[in-house]
Amino acid sequence: MGCLGRLRLPWWLLVCWALAASAAARRRRPSFRGHVPENWPAGTRVSGLSIPLTRLGPEPWCAKVQGRRWHLQLLGEDHAHFQVSLQARSGQVWLRTRRPLDREARALYAFRLGLCCKHCPPRGAPPAELATLTVLVLDANDNAPRLAGPGPPGGVTRLRVEETLALRSQVWQVRAEDPDAGANAELRYFARPGSPHFFVVPRSGRVLLVQSLLHVRAPIPLRLFARDRGQPPLLSAPLDIEVLPQVTQLPPPPPPQRSRRTLLQPDSPLALSLPEDARPGTLLTTLAPARFASAWFELVSPPAEESPLRVDRESGEVTLARTLDREASASWEFIFRVQERKAHTMYTHMHAYTDA
């Protein structure tokens with residue numbers, strides 16, 4: 001009374017303060033949390049949620065009711081999924097499920113614990129709210145990964161890839177969905193059977209080219225999967241891909257720059273006179289000067305069996321292959337190919353006329 005005496009507060013003010021503090025304490029509802037695994041059968045007890053009856057204190061709420069005639073009731077959204085029970089010996093309030101719960105449908109339940117004195121509505125007064133309850137539904141690995149593809153499920157996706165694609169280039173991105181949570185939704189990607197041309201990055205699902213596709217013409221099958229890390233792990237349905245190597249159409253190389261004019265690169269076709277009375281084997285001309293001694297020569301047109309001329313592959317000497325008939329054909333056009341061993345391929349045109 002020393003402090004109160006010095007304050008000299010009226011007694012009625014102290015009583016009001018005490019009543020207000022008591023009402024505020026009653027308005028502060030305690031909170032309790034628990035969890036339950038999904039898909040477990042009805043009647044499963046909510047773990048971690050055991051409420052001592054002394055924490056609730058139902059007696060002051062129902063002090064005017066004769067005898068112990070009060071009831072506990074769950075209030076709030078989806079409270080019908082649970083039922084409340086009181087263990088008389090231990091004095092604990094428990095929650096049990098009324099049906100199996102699906103975490104993918106709802107992962108968290110929040111409701112309130114109410115107290116009815118003698119009768120619950122509609123016969124009795126509205127229940128008093130004693131506590132706030134939260135139940136977390138734990139995930140079970142009950143959903144297999146689902147691969148996403150551009151085509152219909154079960155079909156084959158055809159992928160066209162240029163044969164000149166650089167190594168370690170990405171040709172495909174595997175994607176999958178798993179509605180589970182935690183490790184049950186951590187996915188790893190792979191191909192079975194493996195392919196020597198492609199590698200699937202396990203964590204990202206990127207499909208990389210690791211072996212050249214040059215000169216590969218046959219389609220390359222690739223079957224992709226996704227697997228989660230749950231216990232036990234679940235495997236997705238396969239995604240079938242058929243890689244079709246495509247021949248790259250390269251632009252023609254630019255023509256070589258000529259540093260000098262030669263007999264084999266004339267600005268106009270060469271002209272050659274063919275004596276009608278010349279015998280087969282007669283030397284008519286030589287395509288190669290001495291500086292082209294390392295080249296080889298070939299008649300491109302007309303075909304060798306139709307041409308009256310032939311060219312020596314090593315020396316470039318042009319000789320008569322058969323006798324000529326001016327009345328049958330008075331002029332000819334020839335194309336010769338010259339391949340220098342250290343240079344580009346060159347062509348020369350020749351017009352030949354038969355003289356009487």
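In this text, all values refer to a predicted model and were calculated from it rather than measured experimentally. Along the sequence shown, residues are numbered consecutively beginning with 1.
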Stepwise, does the side chain to side chain contact (heavy atoms under 4.5 Å, CB included) test hold for L72 with L130? CA-CA 9 Å; L72 297 175; L130 300 183; 4.1 Å; yes
To the nearest 0.5 Å, what is the distance between [atom1] on [X] and [atom2] on [Y]?
| X | Y | atom1 | atom2 | result |
| --- | --- | --- | --- | --- |
| R203 | R188 | CZ | CZ | 4.0 Å |
| W172 | L239 | CH2 | CG | 6.5 Å |
| R310 | L320 | CZ | CG | 8.0 Å |
| D142 | D102 | CG | CG | 6.5 Å |
| L75 | T132 | CG | OG1 | 10.5 Å |
| R223 | I241 | CZ | CD1 | 11.5 Å |

Between [X] and [Y], is there a shared hydrophobic cluster once you connect ILVMFWY residues whose side-chain heavy atoms come closer than 4.5 Å?
| X | Y | result |
| --- | --- | --- |
| L86 | V46 | yes |
| F32 | L136 | no |
| V135 | L138 | no |
| F334 | V311 | yes |

Tell me the closest heavy-atom pair linking [X] and [Y], and the distance in Å.
| X | Y | answer |
| --- | --- | --- |
| A321 | P280 | O-CB, 3.8 Å |
| V210 | P196 | CG2-O, 3.5 Å |
| V137 | R106 | CG2-O, 3.9 Å |
| S212 | V216 | O-CG2, 4.3 Å |
| P302 | E333 | CD-O, 3.7 Å |
| L234 | A144 | CD1-N, 3.7 Å |

Only pairs at least two apart or in different chains count here, so list each salt bridge (Lys or Arg N to Asp or Glu O under 4.0 Å) that has a residue in residues 44-54. none
In the structure I gave you, are the side-chain heavy atoms of [X] and [Y] within less than 4.5 Å of one another anywhere?
| X | Y | value |
| --- | --- | --- |
| L299 | L309 | no |
| P202 | F190 | no |
| R146 | P179 | yes |
| E104 | D180 | yes |
| L147 | V174 | yes |
| L95 | L74 | yes |
| D228 | P233 | yes |
| P145 | E177 | no |

Does the side chain to side chain contact (heavy atoms under 4.5 Å, CB included) test come out yes or no for F198 and I220, once each step is laid out? CA-CA 10 Å; F198 302 99; I220 304 174; 4.0 Å; yes
Step-by-step side chain to side chain contact (heavy atoms under 4.5 Å, CB included) determination, L133 to F82: CA-CA 11 Å; L133 308 180; F82 301 89; over 6 Å; no
Qualifying residues under ring pair (Phe, Tyr, Trp, His ring centres under 6.0 Å), relative to H81, sequence neighbours excluded: Y109
Is there a side chain to side chain contact (heavy atoms under 4.5 Å, CB included) between D312 and T319 once you walk through the steps? CA-CA 8 Å; D312 185 84; T319 59; over 6 Å; no
Residues in salt bridge (charged side-chain N to carboxylate O under 4.0 Å, His left out) with R158, at least two apart? E242
Sorted by chain and number, sequence neighbours left out, salt bridge (charged side-chain N to carboxylate O under 4.0 Å, His left out) with E186 holds for R229
Give the other cluster members for L244, using side-chain heavy-atom distances under 4.5 Å between Ile, Leu, Val, Met, Phe, Trp and Tyr residues; answer none if it is isolated. none
Between R322 (side chain) and E306 (backbone), is there a donor-acceptor pair under 3.5 Å? yes
Under the rule for side-chain contact (heavy atoms from CB on, under 4.5 Å), what residues qualify as partners of R206, not counting sequence neighbours? Q170, Q173, V201, S204, L208
In terms of heavy-atom contacts, does CZ of R217 have more than 12 from other residues, nucleotides or ligands at under 6.0 Å? yes
R227, CZ atom: more than 12 neighbouring heavy atoms under 6.0 Å: no
